[in-house]
Amino acid sequence: MNNIPNAPENMNGGINKVQNNQPFFPQYTPTYPAVNMPKKKKKEINFGKSDYIFCGIFAAITVCIVFFGLFGGMGIGFTVSSLALVAAMTAYLIKKESVTVFSISSVVLSALSCTVFVLYHDDFLSQAIAFLILIASGVLYAVSLCDKTVADNFSGVLRLLYAAIISPVENFAVPVTTLIRNDKKKNALQILIAFLAAIPVLAVVIPLLVSSDAAFEGLVTKIISSFGMSLLKLICSVLLFMLIFAFAISCKFRLFKTDAKPVDLTKLRVVKSIFSITFLSIISFVYLVYMLSQTAYFFSAFSGILPAGYEFSFSEYARRGFFETEIIAFINLILLTLSLALTVRREDGKLNAAFKSLITFISAFTVLFIATAISKMIMYIGQYGLTRLRLLTSVFMVATAVVIIAFIVRVYVPRLNCMKYAVIISMALFTVLCIAGIDRTVAAYNVDIFLSGKTDTVDVEMLSWLSDSATPYLLKLTDCGNEDVERRAEHAVNGIFHDYGSEWQFYDDSQLHSENKFDSGFTVSKYVATKLLNEQKYTYDFYNSYYNGYRYDDENDDTDNEYAEELPSDEFVWDEDVDSDWLG
């Protein structure tokens with residue numbers, strides 16, 4: 001009885017009555033063991049003198065990139081600013097023990113990709129690919145200076161992605177918050193932060209004020225017309241600086257290295273060898289049948305497997321299989337990667353011999369399949385000329401073959417981290433392509449095979465769609481000895497001259513404009529094209545006289561044109577075996 005708890009008393013000192021004559025039991029609250037959730041440790045960052053110095057250096061370089069690069073024509077200004085950024089990042093992050101073959105390869109790619117922008121003016125594909133390579137190689141270089149094992153294995157690839165994408169965003173405000181803790185600079189930073197915080201408020205208030213008063217509207221319109229673009233550039237510079245500096249300090253202070261344990265790939269191996277061997281055997285059998293079917297083109301004994309009524313067409317044989325090759329190579333690479341990652345190893349940790357043989361066969365088939373497609377492409381280009389798509393497809397297939405070969409090497413030499421070097425080699429192939437110039441290469445090849453007599457046709461219209469790096473080769477066609485081609489080429493060159501207008505006179509030695517000769521948008525291709533046009537005496541008088549002599553007959557114009565017969569025809573003759581430029 002002594003263990004029975006006392007009933008609680010009410011406010012008046014009496015005992016509360018239990019309703020429904022139910023016995024009173026004390027309220028029991030279950031207790032659970034506390035769960036300690038892992039918390040991400042935030043690393044303390046203490047800026048030194050060098051950090052403040054490089055903060056200013058990165059800010060100045062970012063302003064140059066925005067003002068003279070992104071908004072300055074993407075010419076020599078962007079090249080110089082990007083090279084300065086690579087140099088500043090090197091000085092900020094480099095240590096003697098951090099220099100490796102991989103980091104050197106990455107920084108060389110970064111420097112080479114920067115030069116593309118000073119070489120070509122409006123070659124969009126070359127500049128776009130070079131821009132992507134610049135970002136990718138720059139990230140690889142910066143992270144590799146702080147982590148030698150980056151991209152060595154699956155965990156290294158995850159760290160790389162974290163350092164390139166997540167860490168800069170997570171630490172976007174770290175430069176500001178770190179600088180605020182410095183008492184000496186607290187007032188200046190408070191002013192800067194207040195200025196930045198006022199921007200979104202003003203973005204709402206100013207349009208309301210403009211709509212409420214005509215005088216204020218005129219004042220704001222005048223200010224925007226005078227300083228609006230400069231203000232936009234400044235805002236872009238601030239945002240880009242914070243992103244670049246956040247990435248830099250993330251690398252220097254190793255903020256991308258988390259406390260999480262590296263991924264244990266052995267736990268993912270749950271597929272038994274018998275399943276993988278059976279699955280890969282089925283795929284290999286289909287590929288073997290495909291390889292045997294190719295003999296139908298070369299041996300009469302196998303010709304019966306070709307479709308009824310099939311006639312061996314050079315163009316059809318050479319053209320088929322370009323896009324299918326890349327899709328099959330991509331599928332095979334995924335299948336092989338998953339097979340290696342999920343298949344259980346033997347007790348000694350090595351791969352089953354049959355499993356390894358099947359992986360080798362599929363990899364070798366993929367390389368052979370790519371080599372066959374490349375040989376077809378070479379035949380096709382030799383017969384019908386080069387286009388942007390054919391050139392890009394060829395280089396992409398070579399890069400894919402490099403990755404597959406590195407995969408085979410990795411199977412037999414697992415300690416050799418060759419995949420990341422395969423990626424570097426693939427990026428180097430595209431970098432060389434961009435430096436050579438996609439448009440320039442296409443124009444040079446097509447004009448050279450025409451002038452050498454290897455082909456009797458040249459697509460002048462296609463060349464006229466290319467950037468100004470193709471202008472020197474169009475000028476060659478204006479004096480090629482073929483009257484029809486010469487007239488088409490002159491028509492194309494005059495169209496280019498009309499599109500650029502007075503820009504062609506920027507580099508005329510007789511009318512030198514020093515303020516425009518070496519502007520931030522200067523490119524070699526633009527300079528060369530302009531110089532050649534000036535040497536050919538292309539002026540507005542020449543242009544006007546040309547189009548006065550070659551006027552089009554409009555359907556609504558009833559007047560006869562005595563020059564109509566001399567007009568270059570717009571009807572281009574396409575070979576029946578050649579498809580549109582979309583198919584290459």
Side-chain angles (χ1 to χ4, degrees), residues 50 53-95 98-146 164 168 233 236-252 424 427-438 440 469 517-528:
S50 62
I53 293 174
F54 276 99
C55 179
I57 292 175
F58 282 122
I61 293 175
T62 304
V63 170
C64 292
I65 290 176
V66 173
F67 277 76
F68 305 117
L70 300 178
F71 288 90
M74 294 295 289
I76 191 173
F78 185 78
T79 296
V80 174
S81 302
S82 300
L83 289 174
L85 179 60
V86 173
M89 196 70 72
T90 301
Y92 188 58
L93 300 177
I94 195 169
K95 292 181 180 179
S98 64
V99 178
T100 61
V101 175
F102 184 73
S103 62
I104 293 174
S105 303
S106 301
V107 73
V108 169
L109 281 180
S110 299
L112 291 177
S113 59
C114 291
T115 62
V116 174
F117 299 94
V118 73
L119 293 177
Y120 304 106
H121 174 231
D122 55 355
D123 189 343
F124 175 76
L125 284 176
S126 295
Q127 289 186 327
I129 295 174
F131 187 77
L132 295 176
I133 293 175
L134 173 61
I135 295 176
S137 59
V139 170
L140 286 173
Y141 174 59
V143 178
S144 64
L145 289 178
C146 306
K233 294 178 183 178
C236 293
S237 300
V238 171
L239 296 176
L240 184 60
F241 159 71
M242 292 182 67
L243 185 62
I244 291 176
F245 194 53
F247 173 72
I249 65 173
S250 173
C251 292
K252 181 178 179 180
I424 288 291
M427 292 170 61
L429 291 174
F430 282 99
T431 302
V432 171
L433 175 64
C434 293
I435 293 176
I438 296 175
R440 192 203 67 81
S469 60
K517 186 172 183 179
F518 296 107
D519 60 356
S520 60
F522 171 86
T523 58
V524 174
S525 64
K526 186 176 179 181
Y527 173 81
V528 171

Checklist entry - What is the minimum heavy-atom distance between Q127 and H121, and which atoms define it? => result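 Here Q127 and H121 meet closest at NE2-O, 3.4 Å.
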Checklist entry - Between A136 and M427, which heavy-atom pair has the shortest distance, and what is it? => result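 Closest pair (atom of A136, atom of M427, distance): CB-CE, 3.9 Å.
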Spacing of [X] atom [atom1] and [Y] atom [atom2] [to the nearest 0.5 Å]:
X    : Y    : atom1 : atom2 : result
C434 : F117 : SG    : CZ    : 8.5 Å
D122 : S525 : CG    : OG    : 7.0 Å
T115 : Y120 : OG1   : OH    : 9.0 Å

If the condition is side chain to side chain contact (heavy atoms under 4.5 Å, CB included), which residues does [X] pass it with, not counting sequence neighbours?
X    : result
L119 : I435, V524
V108 : I104, L112
S81  : C64, I65
A111 : L83

Next on the checklist: I'd like to check the ring pair (Phe, Tyr, Trp, His ring centres under 6.0 Å) partners of F54; sequence neighbours left out, ordered by chain and number.
Outcome noted: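 F54: ring pair (Phe, Tyr, Trp, His ring centres under 6.0 Å) contacts with Y92.
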Checklist entry - Quick one: are V116 and I133 in side-chain contact, heavy atoms under 4.5 Å? => result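 They are not in contact (no side-chain heavy atoms under 4.5 Å apart), so the answer is no.
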Next on the checklist: In the structure I gave you, are the side-chain heavy atoms of C236 and L70 within less than 4.5 Å of one another anywhere?
Outcome noted: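 No - every pair of side-chain heavy atoms lies 4.5 Å or more apart.
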Could you pull out all donor-acceptor pairs under 3.5 Å where a side-chain atom in residues 71-80 meets a protein atom, sequence neighbours excluded?
from, atom 1, to, atom 2, distance (Å)
T79, OG1, G75, O, 3.4
T79, OG1, C114, O, 2.8
T79, OG1, V118, N, 3.2

Item to check | Derivation of the side-chain contact (heavy atoms from CB on, under 4.5 Å) call for C251 and L145 | outcome: CA-CA 8 Å; C251 292; L145 289 178; over 6 Å; no
Could you pull out all residues at least two apart from [X] that satisfy side chain to side chain donor-acceptor pair (under 3.5 Å)?
X    : answer
S137 : S110
S126 : D123
S144 : none
T90  : Y141

Next on the checklist: Test side-chain contact (heavy atoms from CB on, under 4.5 Å) on F58 and M89; report intermediate values, then the result.
Outcome noted: CA-CA 9 Å; F58 282 122; M89 196 70 72; 4.1 Å; yes
Checklist entry - Is there a side-chain contact (heavy atoms from CB on, under 4.5 Å) between I424 and L140 once you walk through the steps? => result CA-CA 10 Å; I424 288 291; L140 286 173; 4.2 Å; yes
Item to check | Under 3.5 Å donor-acceptor, T431 side chain and S113 backbone | outcome: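 No.
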Table please: side-chain donor-acceptor pairs of residues 237-249 below 3.5 Å, with sequence neighbours left out.
from, atom 1, to, atom 2, distance (Å)
S237, OG, K233, O, 2.7

